[in-house]
Protein chains: 2
Amino acid sequence: MPQSKVDDNQLLDKLTDVFRLHGYEGASLSTLSEATGLQRASLYHRFPGGKEEMAQAVLSRADDWFVSHVLAPLSEAGEPAKRVKQMAQRLDKFYNSGKFSCLLDSLSLSDTTNAIQQHVERSFTAWLEAMTGVASEAGASTAVARRRAADALVQIQGSLVFSRVTGDGRPFKRVLTSLPELLTGNDE
Amino acid sequence: MPQSKVDDNQLLDKLTDVFRLHGYEGASLSTLSEATGLQRASLYHRFPGGKEEMAQAVLSRADDWFVSHVLAPLSEAGEPAKRVKQMAQRLDKFYNSGKFSCLLDSLSLSDTTNAIQQHVERSFTAWLEAMTGVASEAGASTAVARRRAADALVQIQGSLVFSRVTGDGRPFKRVLTSLPELLTGNDE
DNA sequence: GTCTATAGCTTGATAGAC
DNA sequence: GTCTATCAAGCTATAGAC
């Protein structure tokens, strides 16, 4: 029963918003403090490592959530194409129909620390491998499965950039719809 | 015959590198000074508006270069698919085979000014319209042409993000190869 | 046109009261 | 666990000599 003003989940939600929106350098302690309602010193009490630890915590929690809520359907039973369709539905929620940028994009500029860049790359690769797996199960050779997974990730990331710049989320929706065929070679 | 240490083109080259790599907030005056070999005060002499004017100048010159060197083939004579192939070759040089990030991505986070965000959106839209034009000439309806252009831009931007995060430039190369068919519905 | 020097503010981070 | 107060270092920007 903590005497916290905000519990860890609420706190990380707010921090995530700021990093997603402003990137690493753009997310100042003032901004983070204002968004969370906690003073700078209180943030340091929760995250002794300061801003970098906040970013790492945000990334870690996003990883966990992503694996258990978005990628989970990929390793369940059933038709590969149906599993991908499930993932696409989760992606639509996760990225709020394209209105949310991807943390991995926002935190991948060279204004971050090496540790964060490596974290981003690992998360990216994990996603890639999960999609490679389902493409393989759908009958693709290893090489083809890898290529399909990369193409899928390219289209997801690209449509999120498109949406951020233009405000038009239709390409993101289109990408989600095409994912099952793109990954498995099968419409359903 | 200027007594400048660096001419405008060299100067903007260096500034461009920094903004592309570090984003807006990540590009500090110290970094920009170091990259260009000019002291802070000298940069202010060239760009009285400071950092924002530098970013605007970088964007404007990138626009000019992009229109005249990359998009130019799209409005020349010849088969639409061949013109797209030309653009793809120029893109490969412009983005150094995917090793360069896109300025429009790097400068599109919310750590920039409104003016810069609007500039980025205009540049993005101009590119979109140029590709919409060639898709139309290839016989697509307005709606289809717009969709194809958006999909092309999605794949280009996505493959550049992919390349930045993983260091693997193959998806970018693949996207360039597929552009003629993607935009015109024709392999060549 | 470039420089050194500096102003004034914001940054990330810490100390210590409650 | 949160706060106020503070620090040194960084930031953007300016003044003025050469």
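These figures come from a predicted structure and were not determined experimentally. Lettering of chains follows the sequences in order, A, B, ..., and the numbering in each one begins at 1.
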Taking the minimum atom-to-atom distance to the side chain of [X], which one of [options] wins?
| X | options | result |
| --- | --- | --- |
| B:H45 | D:dC3, C:dT2, D:dG1 | C:dT2 |
| B:Y44 | D:dT12, D:dC3, C:dG12 | D:dT12 |
| B:S28 | C:dG12, D:dT12, C:dG1 | D:dT12 |
| A:A41 | D:dT2, C:dT14, D:dA15 | C:dT14 |
| B:R40 | C:dT2, D:dT12, D:dT4 | D:dT12 |
| A:R46 | D:dG1, C:dC3, C:dG1 | D:dG1 |

Over how many whole Å does the gap from [X] atom [atom1] to [N] atom [atom2] extend?
| X | N | atom1 | atom2 | value |
| --- | --- | --- | --- | --- |
| B:L29 | D:dA13 | CG | P | 6 Å |
| A:E25 | C:dT10 | CD | C1' | 13 Å |
| A:Q39 | C:dG12 | CD | P | 15 Å |
| B:L32 | D:dG10 | CG | P | 17 Å |
| A:L15 | C:dG12 | CG | C1' | 15 Å |

I'd like to know if A:K173 pairs up with A:D168 as an ion pair, taking the criterion as any Lys NZ or Arg NE/NH1/NH2 lying under 4.0 Å from an Asp or Glu carboxylate oxygen.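 No salt bridge links A:K173 with A:D168.
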
Salt-bridge contact A:D63-A:R122 (side-chain N to carboxylate O under 4.0 Å):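 No salt bridge links A:D63 with A:R122.
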
Just say parallel, tilted or perpendicular for the rings of A:Y95 and A:F172, cut-offs at 30° and 60°.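 A:Y95 and A:F172: perpendicular rings.
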
Any idea how A:F19 and A:Y24 line up, ring-wise: parallel (<30°), tilted (30 to 60°), or perpendicular (>60°)?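 The arrangement is parallel - the two ring planes meet at less than 30°.
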
Side-chain N,O (B:K51) to OP1/OP2 (D:dC11) below 4.0 Å: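 So the side chain of B:K51 is outside the cut-off, no N or O lying under 4.0 Å from OP1 or OP2 of D:dC11.
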
Given DNA chain C, 5'-ward residue of the pair A:S30 and A:P48, judged by closest heavy atom: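 Closer to the 5' end of DNA chain C: A:S30.
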
